[in-house]
Amino acid sequence: MITGITGQDGCYLADRLIKHGYHVVGTTRKISSRRLTGLQQLGICDTVTLETASLDNVESIEKLIDDYHPEMIFHLSGQSSPRLSFDQPEETFESIAGSTQRLLQAMHRATLPSRLFVAGSCEMFGNSHQQPVTCESRCDPINPYAAAKESAFRSVRDYRERHGLFACTGILFNHESPLRPEHFVTQKIIAGACSISRGLQKDLHLGDLSSERDWGWAPEYVVAMEKMLSREQPEDFILATGKHTSLRVFVSKAFESVGLSWEDYVVHDKQFVRSHDSYHPHASVNETTDRLVWTATVQMPELVQRLIKARKKLDETNYSDS
Ligand code: NDP
């Protein structure tokens, strides 16, 4: 069972599990054609079982678990943008921390055991002064999204330690793919560079380019999620490449890939500057490499090249359709 199956990770994870012979049940708040785009792009829309659920009460989660007795539950749903979480603090907290708490409660009461993976976030470390961060590093969340992720992380540990549930958190660093929505800056850059190169856009407005991120390739991260539920014991892991790059390098590689120089097109725009943006944690991936036996192999600049290639293909398809 995958909550948030319509999202970037949900689609890739469903695809992987189907290939491994699983029957995949996925939840969405509402079935609509816009939401199904990712599943359709991967050609698995008709292979998964979709359930409409908002995870806002324990009873509906218990019913889902009773109906399907899932061997594995991947909890990926929730408001996933740190920036938007300032405008929607309550919904962000409820959809991340509240839903995780309810899932744990329902699993605890269920007659048959399930294994739970919860999508955590490196945002919870915030301005943590310990660098690089591990699963034991101090959390210092600086936005409502990060606070909600920290709360979910603690609930998972609590249920695992107090009730012996097989539950774990993957502390995810940024991971991208062509399925990432355009309100995330990476897709905005990729789409912008491609549009400018085709003469459809004049410039690209961005905030602080000095901010750094650890960017990986989403289809690899779902491999780690599945691995975490296939172990003998539940344990939290950092899921990251271990390498960080500035947004400026990301931008320059994107423009370079379409034959342009970014300095000619990128406009600094204060409205896109996030406070504390440059204090992004650096990941320690030693434990993940050694004990989960998982490593992110796609890194910059290959990541950017893959995103540009996919975007060009999409633009060509849209152009030939219109
Ligand atoms: P997406 O935003 O692509 O997908 C999340 C899904 O959750 C959406 O498809 C949506 O499904 C559902 N959702 C969105 N808003 C809400 C809401 N307010 N309440 C309930 N459900 C909601 O996320 P990703 O696939 O990129 O990420 C998966 C998980 O990993 C998320 O929990 C995210 O926070 C976390 N993560 C991701 C990172 C990344 O770089 N991608 C980095 C760190 C953490 P529907 O509309 O169908 O209900």
Side-chain angles (χ1 to χ4, degrees), residues 2-15 26-42 45 48 50-57 60-61 73-85 87-100 102-103 116-125 133 141 143-153 156 169-187 213-222 224-225 228 237-241 250 280-281 283 296 303 307:
I2 303 173
T3 74
I5 194 168
T6 61
Q8 169 187 267
D9 294 1
C11 293
Y12 287 118
L13 180 60
D15 188 43
T27 69
T28 170
R29 287 166 298 168
K30 194 173 170 201
I31 297 176
S32 67
S33 52
R34 184 182 57 80
R35 283 180 162 85
L36 300 181
T37 317
L39 293 171
Q40 275 161 351
Q41 278 183 29
L42 299 184
C45 204
V48 298
L50 287 176
E51 281 282 350
T52 310
S54 56
L55 313 185
D56 57 2
N57 64 84
S60 66
I61 300 174
I73 303 174
F74 296 90
H75 183 33
L76 310 182
S77 70
Q79 199 293 100
S80 66
S81 159
R83 187 174 52 83
L84 289 181
S85 74
D87 300 328
Q88 306 167 4
E90 192 181 342
E91 180 167 348
T92 300
F93 195 83
E94 261 307 299
S95 67
I96 295 173
S99 62
T100 303
R102 288 186 283 275
L103 263 166
L116 175 69
F117 170 92
V118 173
S121 167
C122 62
E123 286 275 335
M124 74 178 182
F125 298 117
V133 291
N143 58 56
Y145 169 82
K149 287 291 186 189
E150 183 193 0
S151 173
F153 173 68
V156 169
T169 301
I171 303 172
L172 295 156
F173 281 61
N174 292 52
H175 47 285
E176 310 295 319
S177 79
L179 299 187
R180 193 86 144 133
E182 260 182 51
H183 61 260
F184 286 95
V185 70
T186 41
Q187 274 307 324
R213 292 287 183 279
D214 180 323
W215 280 293
W217 178 241
E220 289 196 317
Y221 284 56
V222 303
M225 294 177 191
M228 281 177 65
F237 283 103
I238 297 266
L239 303 182
T241 69
F250 190 103
H280 220 65
L303 172 68
L307 294 173

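These numbers come from the heavy atoms of this one structure, side chains and all, not from hydrogens, waters or symmetry mates. Just so you know, ligand 1 is whichever comes first in the structure, and atom 1 is the first atom listed for that ligand.
Residues Tyr221 and Asp9 form no side-chain contact, since every pair of their non-hydrogen atoms from C-beta on lies 4.5 Å or further apart. A 4.5 Å side-chain heavy-atom check between Cys122 and Val133 finds every atom pair outside the cut-off. Side-chain contact between Leu55 and His75 is present, with heavy atoms from C-beta onward closer than 4.5 Å.
Polar contact with ligand 1: present for Lys149 (N/O pair, distance under 3.5 Å). Backbone and side-chain nitrogen or oxygen atoms of Leu76 are examined, and one is located within less than 3.5 angstrom of a nitrogen or oxygen of ligand 1. Taking any N or O of Gly4, backbone or side chain, none lies under 3.5 Å from an N or O belonging to ligand 1.
Of the possible polar contacts, none joining the Thr52 side chain to the Arg29 backbone as a donor-acceptor pair under 3.5 Å is found. A distance-only check finds a donor-acceptor pair linking the side chain of Gln8 to the backbone of Ser177 [under 3.5 Å]. Checked by atom type and distance alone, the side chain of Thr100 pairs as donor or acceptor with a backbone atom of Ile96 at under 3.5 Å.
For Glu94, the side chain to side chain contact (heavy atoms under 4.5 Å, CB included) test picks out Arg102, with sequence neighbours left out.
Shown in contact with Thr28 at under 4.0 Å from a heavy atom are these atoms of ligand 1, numbered in order with element: 45 (P), 47 (O), 48 (O). Here is the list of ligand 1 atoms found below 4.0 Å of a heavy atom in Ser77: 7 (O). Against a heavy-atom cut-off of under 4.0 Å, Asn174 is close to the following atoms of ligand 1: 40 (O).
Of the listed residues (Glu123, Arg83, Lys149), just one forms a side chain to side chain donor-acceptor pair (under 3.5 Å) with Asn143, and that residue is Glu123.
The residue among Ala119, Ser99, Ala240, Gly120 with a heavy atom at the shortest distance from atom 44 (C) of ligand 1 is Gly120. Taking all heavy atoms of Trp215, Tyr145, Phe173 into account, the minimum distance to atom 35 (C) of ligand 1 is reached by Tyr145. Ranked by closest heavy atom to atom 19 (N) of ligand 1, the top entry among Gly216, Ser95, Ser177, Gly10 is Ser95. Considering Lys30, Glu90, Glu91 only, the shortest heavy-atom separation from atom 18 (N) of ligand 1 involves Glu91.
Residues Ala283 and Ala240 approach most closely at CB-CB, 3.5 Å, considering heavy atoms. The minimum heavy-atom distance between Leu76 and Thr3, with the atom names listed, is N-OG1, 2.9 Å.
The single protein non-hydrogen atom nearest to atom 9 (O) of ligand 1 is Thr6 OG1, 2.9 Å, given as residue, atom name and distance. Protein heavy atom closest to atom 27 (O) of ligand 1, with residue, atom name and distance, is Asp9 OD2, 3.7 Å. Looking at atom 17 (C) of ligand 1, its nearest protein heavy atom turns out to be Arg29 NH1, 3.2 Å. Summary of contacts: the protein heavy atom closest to atom 7 (O) of ligand 1 is Gly78 N, 3.1 Å. Annotation: atom 39 (C) of ligand 1 to nearest protein heavy atom, His175 CE1, 3.2 Å. The protein heavy atom nearest to atom 4 (O) of ligand 1 is Gly7 CA, 3.3 Å. For atom 43 (C) of ligand 1, the closest heavy atom belonging to the protein is Leu172 O, 3.4 Å. Scanning all protein heavy atoms for the shortest distance to atom 1 (P) of ligand 1 gives Ser80 OG, 3.7 Å.
Contact annotation: for Arg35 versus ligand 1, heavy atoms closer than 4.0 Å belong to the side chain alone. Contact annotation for Gln88 and ligand 1: no heavy atom of the residue comes within less than 4.0 Å of the ligand. Counting heavy atoms under 4.0 Å from ligand 1, residue Arg180 touches it through the side chain alone. If you look at Gln8 next to ligand 1, the close heavy atoms, those under 4.0 Å, come from the backbone and the side chain alike.
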Apply side-chain contact (heavy atoms from CB on, under 4.5 Å) to residues Ile238 and Phe173 and explain how you reach the verdict.
CA-CA 8 Å; Ile238 297 266; Phe173 281 61; 3.8 Å; yes
Run the numbers on His280 and Asn174 for side-chain contact (heavy atoms from CB on, under 4.5 Å), then give the verdict.
CA-CA 11 Å; His280 220 65; Asn174 292 52; 3.9 Å; yes
Name the atoms and distances for all side-chain donor-acceptor pairs under 3.5 Å in residues 31-42, with sequence neighbours left out.
from: Ser32; atom 1: OG; to: Arg35; atom 2: N; distance (Å): 3.4
from: Arg35; atom 1: NE; to: Lys30; atom 2: O; distance (Å): 3.4
from: Thr37; atom 1: OG1; to: Arg34; atom 2: O; distance (Å): 2.6

